[in-house]
Amino acid sequence: MSLLRVEGLTAFYGPAQALFGVDLAVAEGEVVALMGRNGMGKTTTIRAVTGLVPAKGTRRFAGRDLHGKPVHRIARAGIGLVPEGRRLFASLTVRENLFAAARPGPWDAAAVHRLFPRLAERAHQPAGTLSGGEQQMLAIGRALATNPRLLILDEATEGLAPLVRAEIWEAIAALARTGMAILAVDKSLADLCRLADRAVILDRGRDVWTGQPGDLDEATAARLLGV
């Protein structure tokens, strides 16, 4: 049974239509890669699912209808978002960023610190003074502090140095091993495919391929992903 099920998702930016009937599902404990070239609708799909842009179509999470729900209620339903660009509270400390988002559950500050020990060392440091990698760790930690059933990652390793990217991917893999459902967008397609149970490819705002990453042939990857 799907934890998240999206059917016929459409979205507009003003008069311009960005999504044309996208279907997408994520099961409990499943890692799904949302893939596609730049501008094909990946971030818009995430923003539509989480209520950040108006959308039409069926959106259900854990059996609950998300249509018309405000962003904060969708988050409280159990969806944690790590947005593109991190969007931290720069003037607040690491601890305050985690506390601001916290909801009761196993992902408290201590659990986040075990996943990212560097955040424990920076607990009283303003988020805006952290390195890029540390800010990304904090963005993930803040989403985990909401104790989500589904974690959505939008470009979680973009712009990071290779060693830091590897650290972030290991943390994501550790989350997957706990059974957390994950929907991920990332430009590191090799890393994404190694982690994902299933992939959905978007092209011009439509889902055009769904399957296991190992079933994606070179011709289709070249045509739809440019690789």
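- Screening V82, T50, V185 against I152 for a side-chain contact (heavy atoms from CB on, under 4.5 Å) leaves a single residue, T50.
- For the pair R194 and E170, the salt-bridge criterion is not met [side-chain N within less than 4.0 Å of a carboxylate O].
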Report task. Might you work through the side-chain contact (heavy atoms from CB on, under 4.5 Å) test for L130 and R122, ending with a clear yes or no? Result -> CA-CA 8 Å; L130 301 178; R122 306 284 192 269; 3.8 Å; yes

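- A salt bridge does not link D154 with R47: none of the charged nitrogens is closer than 4.0 Å to a carboxylate oxygen.
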Requested in this report: Decide yes or no on side-chain contact (heavy atoms from CB on, under 4.5 Å) for L224 and R37, but give the supporting numbers first.
Outcome: CA-CA 7 Å; L224 296 177; R37 291 169 296 171; 5.6 Å; no

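- When each of L9, D207, T210 is checked for a side-chain contact (heavy atoms from CB on, under 4.5 Å) with D23, only D207 meets the rule.
- Across all non-hydrogen atoms, the minimal contact from F61 to G78 is CZ-O, 3.5 Å.
- For the pair W107/L115, a side-chain contact is recorded, criterion being any heavy-atom separation below 4.5 Å from C-beta on.
- With E30 contributing its side chain and R198 its backbone, the two residues share no donor-acceptor pair below 3.5 Å.
- At distances below 3.5 Å, not a single donor-acceptor pair connects side-chain atoms of E167 with backbone N or O atoms of V164.
- A salt bridge links E7 with R5: at least one charged nitrogen is closer than 4.0 Å to a carboxylate oxygen.
- R103 places a side-chain N or O within 3.5 Å of a backbone atom of R76 that can act as its donor or acceptor partner.
- The two residues S91 and P126 make their nearest non-hydrogen contact at O-CB, 4.3 Å.
- Residues V200 and V32 have side chains in contact (heavy-atom distance under 4.5 Å, counting atoms from C-beta outward).
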Query raised in the report: Please walk me through it: do W169 and L195 pass side-chain contact (heavy atoms from CB on, under 4.5 Å)?
Result: CA-CA 9 Å; W169 279 116; L195 183 65; 3.9 Å; yes

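- Relative to the six-membered ring of F89, R142 meets both conditions, a distance below 6.0 Å and an angle of at most 45° to the axis.
- Proximity of L144 to L98: side-chain heavy atoms (C-beta onward) are nowhere separated by under 4.5 Å.
- Residues R149 and E28 are paired through a salt bridge, judged by an N-O separation under 4.0 Å between the basic side chain and the carboxylate.
- Of all non-hydrogen atoms in L66 and V49, the two that sit nearest each other are CD1-O, 4.0 Å.
- Between the K42 side chain and the G36 main chain, a donor and an acceptor come within less than 3.5 Å of each other.
- Within the 4.5 Å cutoff, side-chain heavy atoms of L34 are placed close to those of L202.
- Between L216 and L225, some side-chain heavy-atom pair lies under the 4.5 Å cut-off.
- Two residues are said to be in side-chain contact when any heavy atoms from C-beta on lie closer than 4.5 Å; V6 and T58 fail this criterion.
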Report task. Please report the C-alpha distance between D191 and T157 in whole Å, then the side-chain angles of each, then the deciding distance to 0.1 Å, and finally whether the side-chain contact (heavy atoms from CB on, under 4.5 Å) criterion is met. Result -> CA-CA 10 Å; D191 292 307; T157 69; over 6 Å; no

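- Nearest approach of I168 to A156, heavy atoms of both residues: CG2-O, 4.1 Å.
- Side-chain contact check for L150 versus V26: some heavy-atom pair is nearer than 4.5 Å.
- Residues T10 and Q17 form a side-chain contact, since some pair of their non-hydrogen atoms from C-beta on lies under 4.5 Å apart.
- Checked by atom type and distance alone, the side chain of D197 pairs as donor or acceptor with a backbone atom of V31 at under 3.5 Å.
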